[in-house]
Peer 1: 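This structure is in structure tokens; I'll ask about it shortly.
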Amino acid sequence: MILETENIMIYIRVIDMNNYTDEGISSTVEQILSHNGSTPVLHIRNSTWCKTYISNATFSENGLTQGWTIFLLSEEITSTNGLQEEFQFEISLATPEGMLRQYSSLIDLRNGPSWLWHLGENVTGVDIDMTGAEIVTRRVPCVPDILLMFILNSSQGMYVALTYGLFYNASTHWRNMTDSVNNSRVIDVAVTNHHIIILTANSEILVSETGPYTSTVKFVSASLPAGQGSFNFNSSKLMHTPVCVTTHSHTLPEQYDIVVSVIGNIGAQGSYLLYTEAPYTAWHIVTLTNETTLLISALHDVEQQSVVVLIHQATGLYSVSVYTAPVWTAGVGYSNLTEKLFGDYVFPSDSVVTSLSLSTYTHLLIGYGR
């Protein structure tokens with residue numbers, strides 16, 4: 001469901017697929033109504049708010065009862081912590097055959113990522129020459145039902161398709177972002193709760209400005225560390241471990257919403273990281289002391305205040321190391337990664353590991369590869 005500025009009327013039907021007619025639906029509804037007067041119950045929740053609604057009305061079509069209605073007041077649905085986060089809802093209904101349950105999500109575009117609809121220029125009837133182009137998909141971290149599909153480096157430029165359903169014509173919005181990246185070749189894209197970060201082949205990191213937006217989202221060039229010469233981002237990637245819910249230790253998650261750029265084989269020091277946090281306009285170098293092997297991935301765990309790195313060793317093996325997170329000091333920058341929290345995990349010799357993903361709440365770490 002999508003909540004914008006209007007209230008929502010939810011229509012609930014129970015359909016017997018063996019009798020999918022108005023009469024059949026009406027018969028099913030009447031049977032349920034006669035079963036202890038059962039009516040649907042709607043429960044909506046996110047990490048900080050919940051409410052239960054009970055249907056007390058039915059609706060009819062052509063004189064036949066077709067189901068129930070539940071009316072939602074938009075001002076009742078709110079996130080008290082100010083986080084951009086989608087709501088989960090469950091509709092349950094007791095029937096003579098047992099309990100029926102339906103699960104889905106509610107996206108509140110009033111407090112959610114409506115800024116995405118201001119990316120670039122709106123285009124219709126898209127016909128993109130995909131020769132040499134790359135397709136990258138990203139989800140809005142705390143509203144995963146909104147999906148972005150970026151078309152990078154096509155002969156016509158950069159495009160993004162946005163949907164909160166499926167990539168059907170009716171539910172997909174196309175935007176032309178070519179001017180946003182100054183016609184540069186794009187290496188990687190990261191989507192945070194309120195920003196898009198773009199890594200380009202022109203040794204530049206572009207960051208979307210903070211809203212509110214009434215026209216096209218503007219991108220600014222981020223500040224990179226001085227004295228390093230021109231950064232070569234061609235083999236780099238952006239790693240983002242989102243923070244979506246309040247925890248006992250962090251009440252303002254965006255302060256800890258870290259994005260890491262992994263820089264491979266740069267200079268005599270080997271690989272290193274560029275670190276940033278919201279609003280992502282200033283980036284700082286973090287190095288691994290005495291490490292000259294190739295960094296593949298790096299993930300910041302805000303709950304454990306650690307950094308998990310995937311390394312391709314000089315021996316050809318892949319390994320995972322966990323370091324104490326770098327500490328920021330004004331006028332100095334971030335400290336280097338020196339203190340390991342655990343012993344390294346080394347993958348079997350026949351493994352090729354290409355990336356990591358991390359849940360900051362279960363601390364489940366997944367390696368991808370073959």
Peer 1: For Phe59, enumerate each residue passing the ring pair (Phe, Tyr, Trp, His ring centres under 6.0 Å) test, keeping only those at least two apart in sequence or located in another chain.
Peer 2: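 Residues passing ring pair (Phe, Tyr, Trp, His ring centres under 6.0 Å) with Phe59: Tyr11.
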Peer 1: Step by step, would you call Val186 with Phe150 a side chain to side chain contact (heavy atoms under 4.5 Å, CB included)?
Peer 2: CA-CA 10 Å; Val186 176; Phe150 292 94; over 6 Å; no
Peer 1: Taking the side chain as every heavy atom from C-beta outward, state whether Ser92 and Leu100 have any pair of such atoms under 4.5 Å apart.
Peer 2: no
Peer 1: Roughly how far, to the nearest 0.5 Å, is the CD1 atom of Ile151 from the CD atom of Gln156?
Peer 2: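 Taking CD in Gln156 and CD1 in Ile151, the distance rounds to 10.5 Å.
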Peer 1: Return the OG1 to NE2 distance between Thr276 and His284, rounded to the nearest 0.5 Å.
Peer 2: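 Between atom OG1 of Thr276 and atom NE2 of His284 there are 6.5 Å.
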Peer 1: Between Thr163 and Leu147 (side chain of the first, backbone of the second, donor and acceptor by atom type, cut-off under 3.5 Å), is there such a pair?
Peer 2: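 Looks like no, no N/O pair under 3.5 Å.
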Peer 1: Determine whether Phe342 and Val320 make a side-chain contact, defined as any pair of heavy atoms from C-beta on separated by less than 4.5 Å.
Peer 2: no
Peer 1: State plainly whether one hydrophobic cluster holds both Leu206 and Val136, where clusters connect Ile, Leu, Val, Met, Phe, Trp and Tyr through side-chain heavy atoms under 4.5 angstrom apart.
Peer 2: yes
Peer 1: Go through the steps to decide whether Ile197 and Ile205 satisfy the test side chain to side chain contact (heavy atoms under 4.5 Å, CB included), and finish with yes or no.
Peer 2: CA-CA 7 Å; Ile197 303 170; Ile205 298 178; 3.7 Å; yes
Peer 1: Which heavy atom in Ser321 sits nearest to a heavy atom in Tyr323, and how many Å separate them?
Peer 2: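 Nearest pair, atom of Ser321 first, then Tyr323: CB-CE1, 3.6 Å.
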Peer 1: Report the distance from atom NE2 of His240 to atom CG of Leu358, rounding to the nearest 0.5 Å.
Peer 2: 12.0 Å
Peer 1: So Gln102 and Glu90, do their side chains get closer than 4.5 Å, heavy atoms only?
Peer 2: no
Peer 1: Ignoring hydrogens and angles, tell me if any N or O in the side chain of Thr65 forms a donor-acceptor pair with the backbone of Ser60 under 3.5 Å.
Peer 2: no
Peer 1: Looking only at atom types and distance, does a side-chain atom of Ser335 sit under 3.5 Å from a main-chain N or O of Val327, one as donor and one as acceptor?
Peer 2: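 Flag set: sc Ser335 to bb Val327 pair under 3.5 Å.
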Peer 1: Can you get from Val123 to Met149 by hopping between Ile, Leu, Val, Met, Phe, Trp and Tyr side chains that sit under 4.5 Å apart?
Peer 2: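 Yes, same cluster.
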Peer 1: Grab the two heavy atoms, one from Ser236 and one from Ile187, that are nearest each other, plus how far apart they are.
Peer 2: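 What the structure gives for the nearest pair is O-CG2, 3.6 Å.
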Peer 1: Heavy atoms only: give me the nearest Ser184-Asn153 pair and the separation to one decimal.
Peer 2: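 Shortest heavy-atom separation between Ser184 and Asn153 comes out as O-OD1, 4.2 Å.
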Peer 1: Within the 4.5 Å heavy-atom criterion, are Ile135 and Met130 side-chain neighbours or not?
Peer 2: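 Yes, side chains in contact.
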Peer 1: Does any N or O in the side chain of Thr95 come within less than 3.5 Å of the main-chain N or O of Met99, such that one atom is a donor and the other an acceptor?
Peer 2: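 Checking the backbone N and O of Met99 against the side chain of Thr95, no donor-acceptor pair under 3.5 Å is found.
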Peer 1: Taking only residues two or more places apart in sequence, or in another chain, which ones meet Glu121 in a side-chain hydrogen bond (donor to acceptor under 3.5 Å, both in side chains)?
Peer 2: none
Peer 1: Could you point out which residue of Ser357, Ser355, Ser297 forms a side-chain hydrogen bond (donor to acceptor under 3.5 Å, both in side chains) with Tyr368?
Peer 2: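 With Tyr368 as partner, Ser357, Ser355, Ser297 yield a single side-chain hydrogen bond (donor to acceptor under 3.5 Å, both in side chains), made by Ser357.
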Peer 1: Does His43 have any ring pair (Phe, Tyr, Trp, His ring centres under 6.0 Å) partners at least two apart in sequence or in another chain, and if so, which?
Peer 2: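 So His43 forms no ring pair (Phe, Tyr, Trp, His ring centres under 6.0 Å) with any residue.
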Peer 1: Tyr345: which residues meet the ring pair (Phe, Tyr, Trp, His ring centres under 6.0 Å) condition with it, sequence neighbours left out?
Peer 2: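 Ring pair (Phe, Tyr, Trp, His ring centres under 6.0 Å) list for Tyr345, sorted by chain: Phe347.
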Peer 1: Take His195 and Tyr280, measure what ring pair (Phe, Tyr, Trp, His ring centres under 6.0 Å) needs, and give me the verdict at the end.
Peer 2: CA-CA 8 Å; His195 297 269; Tyr280 318 114; 5.3 Å; yes
Peer 1: Is a side-chain N or O of Thr200 found less than 3.5 angstrom from the main chain of Asn202, in a donor-acceptor match?
Peer 2: yes
Peer 1: How would you list all residue pairs meeting salt bridge (charged side-chain N to carboxylate O under 4.0 Å, His left out) that involve residues 320-337, not counting sequence neighbours?
Peer 2: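 Pairs touching residues 320-337 that pass the test: none.
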Peer 1: With a 4.5 Å cut-off on side-chain heavy atoms, are Ile25 and Thr21 touching?
Peer 2: no
Peer 1: For a quick check under 3.5 Å, do Asp129 and Ser154 share a side-chain donor-acceptor pair by atom type?
Peer 2: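 Not at all, the side chains of Asp129 and Ser154 share no donor-acceptor pair under 3.5 Å.
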Peer 1: Does Asn176 reach the main-chain N or O of Thr178 with its side chain, forming a donor-acceptor pair under 3.5 Å?
Peer 2: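 It does hold such a pair.
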Peer 1: Sorted by first residue and then second, give each salt bridge (charged side-chain N to carboxylate O under 4.0 Å, His left out) pair with at least one member in residues 314-337; sequence neighbours left out.
Peer 2: none
Peer 1: Counting C-beta onward and ignoring hydrogens, is there a side-chain heavy-atom pair between Leu42 and Leu72 closer than 4.5 Å?
Peer 2: yes
Peer 1: Heavy atoms, side chains only, cut-off 4.5 Å: are Ile91 and Tyr103 in contact?
Peer 2: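 No, their side chains stay 4.5 Å or more apart.
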Peer 1: Using 0.5 Å steps for rounding, measure from the CG atom of Leu152 to the CD1 atom of Ile198.
Peer 2: 8.5 Å
Peer 1: Name all residues meeting the side-chain hydrogen bond (donor to acceptor under 3.5 Å, both in side chains) criterion together with Ser306; count only those two or more places apart in sequence or in a different chain, and write none if there are none.
Peer 2: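 side-chain hydrogen bond (donor to acceptor under 3.5 Å, both in side chains) check on Ser306 returns nothing, list empty.
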Peer 1: Carefully, step by step, assess Leu337 and Val286 under the rule side chain to side chain contact (heavy atoms under 4.5 Å, CB included).
Peer 2: CA-CA 7 Å; Leu337 300 182; Val286 174; 3.6 Å; yes
Peer 1: Considering all heavy atoms of both residues, which atom of Ala298 and which atom of Val309 are nearest to each other, and what is their separation?
Peer 2: CB-CG1, 3.9 Å
Peer 1: Under a 4.5 Å side-chain heavy-atom rule over Ile, Leu, Val, Met, Phe, Trp and Tyr, are Val346 and Leu295 clustered together?
Peer 2: no
Peer 1: Is a donor from one side chain sitting under 3.5 angstrom from an acceptor on the other, for Asn336 and Thr338?
Peer 2: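 Absent: no donor and acceptor within the cut-off.
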Peer 1: So, the side chain of Gln305 versus the backbone of Thr324: is there a donor-acceptor pair under 3.5 Å, distance only?
Peer 2: no
Peer 1: Look only at the side chain of Arg175 and the backbone of Gly120, and say whether a donor-acceptor pair between them is shorter than 3.5 Å.
Peer 2: yes
Peer 1: Just list the side-chain donor-acceptor pairs under 3.5 Å for residues 312-319, sequence neighbours left out, or say none.
Peer 2:
| unit_1 | atom_1 | unit_2 | atom_2 | d |
| --- | --- | --- | --- | --- |
| His312 | NE2 | Gly316 | O | 3.3 |
| Gln313 | OE1 | Thr315 | OG1 | 3.3 |
| Gln313 | NE2 | Ser319 | OG | 2.9 |

Peer 1: Find out whether Ser180 and Leu119 are in side-chain contact, i.e. whether some heavy atom of one side chain is under 4.5 Å from a heavy atom of the other.
Peer 2: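 A side-chain contact under 4.5 Å is absent here.
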Peer 1: Does Asn122 CG have over 12 foreign heavy atoms under 6.0 Å away?
Peer 2: yes
Peer 1: Would you give the length of the straight line joining atom CD1 of Ile44 to atom SG of Cys50, rounded to the nearest 0.5 angstrom?
Peer 2: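 Reported to 0.5 Å precision, the distance equals 10.5 Å.
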Peer 1: So which heavy atom on Phe219 is nearest to which on Ser208, and how close?
Peer 2: CD2-N, 3.5 Å
Peer 1: Through direct or indirect side-chain contacts below 4.5 angstrom among Ile, Leu, Val, Met, Phe, Trp and Tyr, which residues connect to Ile54?
Peer 2: Val41
Peer 1: Nearest 0.5 Å, please: how far is CD1 in Ile10 from OG1 in Thr69?
Peer 2: 9.5 Å
Peer 1: Between the main-chain N or O of Ala201 and the side-chain N or O of Arg185, is there a donor-acceptor pair closer than 3.5 Å?
Peer 2: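 No; zero donor-acceptor contacts below 3.5 Å.
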Peer 1: Could you tell me which residues satisfy side-chain hydrogen bond (donor to acceptor under 3.5 Å, both in side chains) with Arg370, sequence neighbours excluded, listed by chain and number?
Peer 2: none
Peer 1: Go through the structure and list residues passing side-chain hydrogen bond (donor to acceptor under 3.5 Å, both in side chains) with Thr281, not counting sequence neighbours.
Peer 2: none
Peer 1: Which residues satisfy the salt bridge (Lys or Arg N to Asp or Glu O under 4.0 Å) test with Arg138, sequence neighbours excluded?
Peer 2: Asp188
Peer 1: Taking all heavy atoms of Ser55 and all of Ala57, pick out the closest pair and write down the distance.
Peer 2: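 Looks like OG-O, 3.2 Å.
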